[in-house]
Amino acid sequence: MASDLVRALKTKAKSLSLSSRKITYLTEDYAKLTWITTLKLNNNYLSDLPSELQCLEQLTELNLGNNVFEEVPSVLAHLCHLKKLYLYGNKIKHLQPQILEGLPNLVLLNLNHNRIKVIPPEIHRLGSLESMSITDNHLEQIPAELGLIKSLTEVHFTNNKLTRIPQQLYSLSHLRKLYLARNNLTELPEGILSWRNLKTLDVAGNHLSVFPVGFQFLTLEELFCEGNNLVSFKPMESIQEKEILSLKELSARMILRDSTNKFSVLSRALPFYPELQDLLSHWGQCAVCSMPFLTTWLECVQFINLKHMGMKSSEFIPVRVLLCSYNCFNRNDHRYYGLVQM
């Protein structure tokens, strides 16, 4: 190891690899390599790093994978130019917020194969992050603050203990790949159309029964959904009752229709009634007539052929659809199953 240091000092090489050297500790002498940009210390027996390494101000890539760290080394909080950080295959249980705050330029974070249960809300401090991978951990929830990292394009949460994902994740409009396989998800929240750039979605091995409204309009290239409890592709009977809309619903539907006309009296009056605007902001759209409504009258399941979504598979998947009336249900040209009156 000493010979590697001497060689690096002489050549002033930008990259230094000390992988698989059975290293148990790193001396402060390595802080003299102030010009290096890449340092590989993976596949060793390191449990900590000397504080002197904060002098490596040019470091942009650090690989600490497959060591015995039980927490993220505190010196990392001072490596503000770091762009790629690999900490896979350790024994890390916690992510210290103060370290996350010191890595504003981090683009890639790999924490696979650790023992992490919680991602702190301060994760949003990683404002430049594009790729985040925390597979094979013990995560039970995803913080809503993750949705504030607008630069994220790839997220891996495979093989954890997640039971839900926050709706705020739909704020990640640049997301292209999302891996949620082998968790305990029972549903995906509404609003999935916000993932307009999503190309790969892996939700295999969960407890999903149906995909959310609008799922069929995503431009996916890959969908992995085997190993779920998806609704079966078979007709289900339903009893149709007389439709009696409340005065509130009738009024809401009239206002929603009229509000699209910016010259109407109702449209011009709405800004003066913020509470009413907030109430109407939760409107839905009928899958058959496309008319707006406030309260869903019917919730159904439509089976969508994946080929119609631009994928190679001819498999059918169940997608939730909302209808405004039995009239629309009876006059539509598609076949809906799993009819439920709200």
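When all heavy atoms are compared, the tightest approach of N44 to I23 is OD1-N, 3.0 Å. Shortest non-hydrogen contact noted between H124 and E145 is CB-O, 3.5 Å. Summarising the geometry of S151 relative to S128, their closest heavy-atom pair is OG-C, 3.3 Å, with the distance given to 0.1 Å. Nearest approach of N183 to N206, heavy atoms of both residues: C-OD1, 3.0 Å. Heavy-atom minimum distance, I123 versus M132: CD1-CE, 3.8 Å. Closest heavy-atom contact between K150 and H174: O-ND1, 3.3 Å.
With a 6.0 Å radius and a threshold of 12 heavy atoms from other residues, nucleotides or ligands, E70 has its CD atom at or below the threshold. Within a 6.0 Å radius of CD in E122, more than 12 heavy atoms belonging to other residues, nucleotides or ligands are found. Counting heavy-atom neighbours within 6.0 Å of H94 NE2, excluding the residue itself, gives a total of 12 or less.
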- Could you walk me through whether L64 and L39 pass side-chain contact (heavy atoms from CB on, under 4.5 Å), step by step? CA-CA 9 Å; L64 299 172; L39 179 58; over 6 Å; no
- Task: Could you please spell out the steps behind the side-chain contact (heavy atoms from CB on, under 4.5 Å) verdict for T24 and L46?
- Result: CA-CA 5 Å; T24 56; L46 293 169; 6.0 Å; no
- Message: Please evaluate residues T219 and K199 with respect to the criterion side-chain hydrogen bond (donor to acceptor under 3.5 Å, both in side chains), reporting the C-alpha separation (whole Å), side-chain torsions for both, the decisive distance (0.1 Å), and the verdict.
- Response: CA-CA 6 Å; T219 56; K199 300 302 176 185; 3.1 Å; yes
- Message: Could you go through N63 and L41, starting from their C-alpha distance and side-chain angles, then the distance that decides it, and tell me whether this counts as side-chain contact (heavy atoms from CB on, under 4.5 Å)?
- Response: CA-CA 6 Å; N63 192 333; L41 295 164; over 6 Å; no
- Show your reasoning for whether side-chain contact (heavy atoms from CB on, under 4.5 Å) applies to I116 and L139. CA-CA 6 Å; I116 300 168; L139 289 178; 4.0 Å; yes
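Considering NZ of K40 and OG of S15, their distance stands at 5.5 Å, rounded to 0.5 Å. In this structure, L18 CG and L26 CG are separated by 7.0 Å, a value rounded to the nearest 0.5 Å. Between the CD1 atom of I119 and the CG atom of L111 there is a distance of 8.5 Å, given to the nearest 0.5 Å. Atom CZ in R320 sits 11.5 Å away from atom CG in L188 (nearest 0.5 Å). Atom CG of residue L129 and atom CG of residue L106 lie 5.5 Å apart, to the nearest 0.5 angstrom. Distance CG/N42 to OG/S19: 3.5 Å, rounded to 0.5 Å.
Screening residues 96-117 for ring pair (Phe, Tyr, Trp, His ring centres under 6.0 Å) gives no qualifying pairs among residues at least two apart or on separate chains. For residues 155-166, the side chain to side chain donor-acceptor pair (under 3.5 Å) pairs, not counting sequence neighbours, are D136-N159, E154-H156.
Counting heavy atoms from C-beta outward, V213 and V321 have side chains that stay 4.5 Å or more apart. Between W35 and L56, every side-chain heavy-atom pair lies at or beyond the 4.5 Å cut-off. Side-chain contact between T186 and L208 is absent, with no heavy atoms from C-beta onward closer than 4.5 Å. Residues T38 and L16 are not in side-chain contact: their nearest non-hydrogen atoms beyond the backbone lie 4.5 Å or more apart. Contact annotation: the side chain of I304 never approaches that of F211 to less than 4.5 Å [non-hydrogen atoms, C-beta and beyond]. Side chains of L180 and D202 form no contact here, defined as non-hydrogen atoms less than 4.5 Å apart. Side-chain contact between V75 and P50 is absent, with no heavy-atom pair separated by less than 4.5 Å. In this structure, L148 and S171 have side chains that are not in contact, with every pair of non-hydrogen atoms separated by 4.5 Å or more.
With N114 contributing its side chain and L87 its backbone, the two residues share a donor-acceptor pair below 3.5 Å. A donor-acceptor pair under 3.5 Å is absent between the side-chain atoms of Y179 and the main chain of T135, judged by distance alone. The main-chain N or O of L162 is never found under 3.5 Å from a side-chain atom of N184 such that the two would form a donor-acceptor pair. Of the possible donor and acceptor atoms, one in the side chain of W195 sits under 3.5 Å from a partner among the backbone N and O of L169. Under a 3.5 Å cut-off, the side chain of H81 and the backbone N or O of E57 do form a donor-acceptor pair. In this structure, Q167 contributes its side chain and E190 its backbone to a donor-acceptor pair below 3.5 Å. Side chain of E52 to backbone of Y30: no donor-acceptor contact under 3.5 angstrom is found. Between the N228 side chain and the V203 main chain, a donor and an acceptor come within less than 3.5 Å of each other. The main-chain N or O of S173 is found under 3.5 Å from a side-chain atom of N197 such that the two form a donor-acceptor pair. Under a 3.5 Å cut-off, the side chain of N305 and the backbone N or O of K307 do form a donor-acceptor pair.
Under the 4.5 Å side-chain heavy-atom criterion for ILVMFWY residues, no single connected hydrophobic cluster contains both L126 and L108. Both F215 and F217 belong to a common hydrophobic cluster when Ile, Leu, Val, Met, Phe, Trp and Tyr are linked at side-chain heavy-atom distances under 4.5 angstrom. Taking hydrophobic clusters as Ile, Leu, Val, Met, Phe, Trp and Tyr residues chained together by side-chain heavy-atom distances below 4.5 Å, V107 does not share a cluster with L103. Tracing side-chain contacts under 4.5 Å through hydrophobic residues (I, L, V, M, F, W, Y), one reaches L193 starting from M311; they form part of the same cluster. There is a path of hydrophobic side-chain contacts, each under 4.5 Å, that joins F69 to V72.
With 3.5 Å as the limit, one finds no donor-acceptor pair spanning the side chains of K177 and T153. There is a side-chain donor-acceptor pair under 3.5 Å between N66 and N43. In summary, the side chains of S133 and N110 do not present any donor paired with an acceptor at a separation below 3.5 Å, with no hydrogens or angles considered.
Residues forming a ring pair (Phe, Tyr, Trp, His ring centres under 6.0 Å) with F157 (at least two apart in sequence, or on another chain): none.
Below 30°, between 30° and 60°, or above 60°: for Y88 and Y86 the angle between ring planes is above 60°, a perpendicular geometry.
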